[in-house]
There are 2 protein chains.
Amino acid sequence: MTTDSFELEQFLPYRLNRAAEFVGLRFAAHYKAKYGLTRPEWRTLAALGSSGRMTSKAVGIHSSMHKTKVSRAVFALEQRRWLKRSQDEADRRLEHLELTAAGQQAYRELIELARRYQTELELEIGESGIEALSTGLTAIEQVIRRSGKGKRPEPDDL
Amino acid sequence: MTTDSFELEQFLPYRLNRAAEFVGLRFAAHYKAKYGLTRPEWRTLAALGSSGRMTSKAVGIHSSMHKTKVSRAVFALEQRRWLKRSQDEADRRLEHLELTAAGQQAYRELIELARRYQTELELEIGESGIEALSTGLTAIEQVIRRSGKGKRPEPDDL
DNA sequence: AATTGATGGTTACATTTGCAACCATATCGT
DNA sequence: ACGATATGGTTGCAAATGTAACCATCAATT
């Protein structure tokens, strides 16, 4: 018999997606309201802020975004004068990205916001919940890493 | 000092989103390839399949989708002749949705797919990982429920 | 029964996304 | 040195999404 019960509520992809959406949207509301940033932009800022000068491609890898998303986010941040590009001398295809002073300032404010939100979350979810979650996520992250290796004739995406 | 390190990789919203995307997209690939379904459509089908006859609004609540998404998904499934609507006699604003025979057939196949995927996941992630994840998700779900109550003068969304 | 306000559901419009094609430059094999 | 192929990055276009406005019906108040 294959017609057994199936409940969306206990289906892992559904549950994960719901949780991610809830947690993510609430945070997004903060920086969207305060700075009008989109999520790709915030991620790019975060990547650049924490790792310093790097290329678009590196940003994409670091923050798991498709290159088009990165491209557009970089453009937006550039408009805002929060980052500047510079051509690589040796290889003229790639350009290095770096936050401007204003960008770094914004970064500092944003991560402060992020930290506050994280502790707020920890409060709501409870220490044990957070810990369990983290363990589970780590397990998935391993799967992601594994699945990233060896596959993909076109390592274009993600 | 507020300039401490901040790593996107350990920021909960980021981690959750990444995990959800990975797990969700891989599953979506299955039903997208096989049936050309979108996620809202799959969710609607799942809701209807497991709970039987219900209204659009109920589908939305059951599967946490905005009413416009539900509306479009219902339309698509109707085109496909997987569901039929019927007006409520007492209250003519609302319509009851029900899967057709073909819809139920599809539902059975889909949940079979879903079950296979879930066990595949459990295998990859490991029993302990799954358990931790589930505990953590349950904690978040409680927060979601709590935050749903009392608030919102317009209980329109979600 | 007429006005006001909810409610279920759809539609129009702007924004965001994903995909594929593309451009420029670089690398490899010969 | 030359053509094939790969790579970093951008762009065009179609599809998915969110928001707000909307329509029809119902409920409550008067």
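Below, chains carry the letters A, B, ... as their sequence lines are ordered, and counting in each starts from 1. Quick caveat: nothing in here was measured; it's all calculated off a predicted structure.
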Inset, instruction - State, without any angle test, whether A:E109 and A:Y35 hold a side-chain donor-acceptor pair at a distance under 3.5 Å. - result: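 Yes - a donor-acceptor pair under 3.5 Å links their side chains.
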Legend entry - Residues A:S64 and B:R18: side-chain donor-acceptor under 3.5 angstrom: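 Short answer, yes.
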Name the closest nucleotide to the [X] side chain, picking from [options].
X     : options                : result
B:T68 : C:dT11, D:dT17, D:dT10 : C:dT11
A:S71 : D:dA16, D:dC13, D:dT10 : D:dT10
B:R72 : C:dT11, D:dA16, D:dC26 : C:dT11
B:R93 : C:dT11, D:dT11, D:dT25 : D:dT25

Inset, instruction - Under 4.0 Å between any heavy atoms, over every strand shown, what does A:A90 touch: base, sugar-phosphate, or nothing? Just pick one. - result: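 The answer is sugar-phosphate, as A:A90 gets under 4.0 Å only of primed atoms, P, OP1 or OP2.
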Legend entry - Sugar-phosphate, base or nothing in reach of A:R85, heavy atoms under 4.0 Å: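 Result for A:R85 = sugar-phosphate.
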Expressed as a whole number of angstroms, how long is the span from [X]:[atom1] to [N]:[atom2]?
X     : N      : atom1 : atom2 : value
A:K67 : D:dA6  : NZ    : C1'   : 11 Å
A:L37 : C:dT15 : CG    : P     : 17 Å
A:M65 : C:dC19 : CE    : P     : 16 Å
B:I61 : C:dG8  : CD1   : C1'   : 11 Å
A:Q87 : D:dG9  : CD    : C1'   : 11 Å
A:L94 : C:dT25 : CG    : C1'   : 10 Å
A:D88 : C:dA24 : CG    : C1'   : 14 Å

Legend entry - First of A:R92 and B:D91 reached from the 5' end of DNA chain C, by closest nucleotide: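 The answer here is B:D91.
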Inset, instruction - Measure the spacing between CZ of A:R72 and OG1 of A:T68 and express it to the nearest 0.5 Å. - result: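 Between atom CZ of A:R72 and atom OG1 of A:T68 there are 4.5 Å.
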Legend entry - CD-CZ distance between A:E124 and B:R146, expressed to the nearest 0.5 angstrom: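 It is 7.5 Å, given to the nearest 0.5 Å.
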Legend entry - First of B:K69 and A:E95 reached from the 5' end of DNA chain D, by closest nucleotide: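 Its nucleotide being nearer the 5' end, the pick is A:E95.
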Inset, instruction - Can you label the angle between the A:F27 ring and the A:Y117 ring as parallel, tilted or perpendicular, going by 30° and 60°? - result: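 The arrangement is parallel - the two ring planes meet at less than 30°.
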Inset, instruction - State whether the distance check finds a donor on one side and an acceptor on the other, under 3.5 Å, for side chain A:K57 versus base D:dG8. - result: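 No, the side chain and the base share no sub-3.5 Å donor-acceptor pair.
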